[in-house]
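Taking it in order: structure first as structure tokens, then the write-up.
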Amino acid sequence: AWRAAWAVDASGALYDLDQFHPSLVGTSLAALTMDEQISGKPASTVPEKLVLPGGRIVPIDPRLQPLLHEAASKANEQFARSVDSWPRSR
């Protein structure tokens, strides 16, 4: 998903200041990718404002949302396995 985002905008700040850990934007992209894979719903259906328990709002620039949605969807189209193929616990 990160490569798909960088292909559209190479300036995307997906890493935090230490250049090792993901930034809030990078973490959001990973979460969108996983949510789309698990739920089967397009990343674009996820609300633009993420409100955490306790009311804190995760501040993601709304201008980045289309890029993050597109990158998550591209990554899933290219690399994701069907949920039906996941191993099941007994």
*Would a hydrophobic clustering, with Ile, Leu, Val, Met, Phe, Trp and Tyr connected at side-chain separations under 4.5 Å, put Phe79 with Met34?*
no

*asked:* Do Val58 and Leu14 land in one hydrophobic cluster if side-chain heavy atoms of ILVMFWY residues count as linked below 4.5 Å?
replied: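 Yes, same cluster.
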
Determine all donor-acceptor pairs shorter than 3.5 Å in which one atom belongs to a side chain in residues 1-8; sequence neighbours excluded.
from, atom 1, to, atom 2, distance (Å)
Trp6, NE1, Gly12, O, 3.3

Could you report the tightest heavy-atom contact between [X] and [Y], atom names first, then the distance?
X: Leu29; Y: Leu68; value: CD1-O, 3.5 Å
X: Glu36; Y: Lys41; value: CG-O, 3.1 Å
X: Ile60; Y: Ser28; value: CD1-OG, 3.3 Å

Looking at [Y], is its backbone amide N or carbonyl O close enough to the side chain of [X] to form a donor-acceptor pair, meaning the two atoms are under 3.5 Å apart?
X: Thr45; Y: Pro42; answer: yes
X: Thr27; Y: Ser23; answer: yes
X: Asp18; Y: His21; answer: yes
X: Asn76; Y: Thr33; answer: yes

*CG/Leu52 to CD1/Ile57 distance, rounded to the nearest 0.5 angstrom?*
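Interatomic distance, Leu52 CG to Ile57 CD1, rounded to 0.5 Å: 9.0 Å.
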
*asked:* Do Asp16 and Leu24 make a side-chain contact, defined as non-hydrogen atoms from C-beta onward lying under 4.5 Å apart?
replied: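 No, too far: nothing below the 4.5 Å cut-off.
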
*salt bridge (Lys or Arg N to Asp or Glu O under 4.0 Å) contacts in which one or both residues fall within residues 55-65, not counting sequence neighbours*: Asp61-Arg63

*Take His69 and Gln65 through the test side chain to side chain contact (heavy atoms under 4.5 Å, CB included) and record every step on the way to the result.*
CA-CA 6 Å; His69 293 160; Gln65 292 295 338; 3.4 Å; yes

